[in-house]
Amino acid sequence: MTIGAISLLVTVITVAAFVLFGALKASQTATNLEDYMVNRNQIGRWMATATVVASAMGAWILFSPPEAGSLFGGITAILGYCIGSAVAVFLFVFIGPRLRTIMPTGHSLNEYVRHRFGGPMYWLTEIVMVFYMFIYLAAELTAIAKVLELVADVPLAMTAIAVMIAVFVYTTYGGLRVTILTDALQFVIILPLLLVCAIATIAALGGFGNAIQPIVDNAPELLSFGNIDGIRFGLTLTIAIVAAELFNQGNWQRVYACRDNQVVRQSFLGSSLIILPMVFISGLLGLMAVQFELIGDTAFFGLLQEINIAGWVIIGVLILALALVMSSLDTLLNGIASVFTIDLIKFMPTGGNVLRMARILTVLVGIPAVMIAAQGFSVLYLFFIADLICAALLVPIIVSLYNAKQSANNALWSSATGIVAGLLFFPKADFSPLFAIPGGGDLLHSFGAALLVSTAITLIWGALASAKSTTVFDYQSLDMIKPYGEKREPQEPALH
C-alpha cells in the first residue's frame, strides 16, 4: 500500500475510534440541558488539566507556530506564540474563580455581560464570541483538511465533511460531559505523539545541531533575540491570543465544570505550563524547514516530505493532527451552542425543547465552517480577523469583573472605538494595507491600537465617572441566576 492509502486507512480507524469512545460514553447516562452545556462542578484537577490542554491545542499548532517561525520572525515570533498561548490560559487562574464567585450558577461570559450591562454591550459580546469561535472552528477544519491533502491528496471538502460528521455523532448527543471525556483520551495521545514526532524529525535531520546549523549559517537573524521583526510579531501574537481566548466559551464551560475554585486555579496554571513547550516545539520544527526554503503554514509538512521521513512518523503526525482537531472541534461546537442557549431560554423556557434546539444549532454551525475549510485559507490569517475584535473588548470586560462603577456606556464605547482604531491599521489577506495610512497593514499597530485605545477610554472614563457618580453595580444580584432548564425572568443590570 502507498503512504497515501495507509494514511486514509489510519484516518478512518482513528476517527472511528474517537467516535466510538464518545458515543459509548454519551449512551451511559441521560443528559439534561445543564449537563449538556456546563457539567457543573464535576471534574477534578487531572481531568480539568487534560480537557483544558486538549481543547486549547488544536491542529493549528502544526500550522500557525511553524508559519510564525518560518515566515514572520524566527525564534522571537515563536516565543511570542508560546507566551501568548500560555498567558491566555493562565489569565483564567484569576478571572475564572472571580466569575464563579460572583456568578456561581452562571454558564458563560455573554450571560454575565447580559446581567452586568445588558443591551448593546451584551449583543456585541455575543457576536464577538460566536465570530471568534466560528473562525476558530473553520480554521481547525482547514488545518486537518490541509493535512490530508498533503499526505494523501484528499480533497479539502471531503476531509472537512468527514471529520465534522464524526464529531457531530458524539458532541450533539453527549454535550460537554462527553467532550471532556474525549478530551482526556486525546490529551493522553497528543503529548507523547508530539514529542515522538519531533524527536524523529530532528533525528532524521542528523540531530539538533545539524538541524539548526543551516539556519545559523544562512539566516542567523531568525535565531536572534534582537530580531526586531520577530519581536514585533511576537508582541502582536501575545495580544491577539490572550484577548481572543477570553471569548472562547470552551474556557468558561471548563471553569464551571471544575469541582471548585482551587481546581480552576490548579488546572489552568498546570495547563499553561504544558502548553508553552508544546507550542515552542511545533514552532521550532517550522524554523528548521527554512533550510529547505519552506515557509508558511505548511512548513512542517513540507519538511517531512523533503527529508523523506519514515512512514510511521507520517502516520504518527496524522493521528496527532486528528486528535488535536477533534479535541477542539467538539469544544467549539458545544461552546457556540452554549452561547446561543442563553437567548433560546428567553423564548423556549422548557429544558427539553431548548436541549433539542441546542443540538440542532450544533449541527447548523458546522455547515458553513465546512464550506470555508474547503477554500484552504491561511489558518493564521483567519485567527487574526477574530483576534482583532477581541483585543478591543479585552480590558473593558475584565475591568467590569472588578470595578462596580463601570457603566454599560463605558464598556460599549471603549470597545467600539478600539475596534475602529484597530481596523484602520489592519492588513488584507496578503498583508498589504487595508487603508492607505501611515503604519497601515502593520499587525502590531492594529492590535496595539485596538488594545490601547479601548484601555485608555475605559480607564479614563471610569476614573472621571467614579469621582462623580454614586451608581454601583450590585454583584450579589448575579447570585439569583438560575441553572439551565429553569424559567428565568428578564433582568436589567442591577444597580444601587
| task | Evaluate side chain to side chain donor-acceptor pair (under 3.5 Å) for Ser108 paired with Asn110, printing each intermediate quantity in order. | result | CA-CA 6 Å; Ser108 64; Asn110 65 307; 2.5 Å; yes

| message | Could you walk me through whether Leu423 and Leu388 satisfy the side chain to side chain contact (heavy atoms under 4.5 Å, CB included) test, starting with their C-alpha distance in whole Å, then the side-chain angles of each, then the deciding distance to 0.1 Å, before giving a yes or no? | response | CA-CA 8 Å; Leu423 285 174; Leu388 174 69; 3.6 Å; yes

| query | Would Phe63 and Val147 count as a side chain to side chain contact (heavy atoms under 4.5 Å, CB included) if you check the C-alpha gap in whole Å, the side-chain angles of each, and the deciding distance to 0.1 Å? | reply | CA-CA 10 Å; Phe63 286 85; Val147 171; 3.6 Å; yes

| query | Step by step, would you call Tyr136 with Leu329 a side chain to side chain contact (heavy atoms under 4.5 Å, CB included)? | reply | CA-CA 9 Å; Tyr136 196 163; Leu329 289 180; over 6 Å; no

| task | Let me see the working for Arg232 and Thr76 under side chain to side chain donor-acceptor pair (under 3.5 Å), right down to the final yes or no. | result | CA-CA 9 Å; Arg232 297 181 82 257; Thr76 47; over 6 Å; no

| request: Please test Val290 against Leu222 for side chain to side chain contact (heavy atoms under 4.5 Å, CB included), starting from the C-alpha separation and ending with a verdict. | output: CA-CA 10 Å; Val290 173; Leu222 295 180; 3.9 Å; yes

| task | Under the side chain to side chain donor-acceptor pair (under 3.5 Å) rule, what do Glu245 and Tyr132 come out as? Steps first, then yes or no, please. | result | CA-CA 9 Å; Glu245 283 304 298; Tyr132 168 64; 2.4 Å; yes

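A search for side chain to side chain contact (heavy atoms under 4.5 Å, CB included) contacts involving Arg98 returns Ile102, Leu401, Tyr402, Tyr475, not counting sequence neighbours.
Ser400 and Tyr112 share a donor-acceptor pair across their side chains, judged by distance under 3.5 Å alone.
Contact between Ser272 and Ala86 at its shortest, heavy atoms only, is CB-O, 3.3 Å. When all heavy atoms of Ala68 and Phe233 are compared, the closest pair comes out as CB-CE2, 3.7 Å. Taking all atoms of both residues into account, the shortest heavy-atom contact from Gly69 to Leu287 is O-CD1, 3.5 Å. The two atoms that bring Asp183 and Thr331 nearest to each other are OD2-OG1, 3.8 Å, heavy atoms only. The nearest pair of heavy atoms linking Leu156 to Lys146 is CD2-N, 3.7 Å. Pairing each heavy atom of Pro65 with each of Ile78, the nearest pair is O-CG1, 4.2 Å.
Aromatic rings from Phe425 and Phe447 are positioned such that their centres are separated by 6.0 Å or more. The six-membered or imidazole ring of Tyr81 lies near that of Trp60, with a centre-to-centre distance under 6.0 Å. Aromatic pair Phe92/Trp252: centroids less than 6.0 angstrom apart.
A donor-acceptor pair is defined here as one N or O able to donate and one able to accept, closer than 3.5 Å; no such pair exists between the side chain of Ser414 and the backbone of Thr458.
No more than 12 heavy atoms of other residues, nucleotides or ligands sit less than 6.0 Å from atom CH2 of Trp413.
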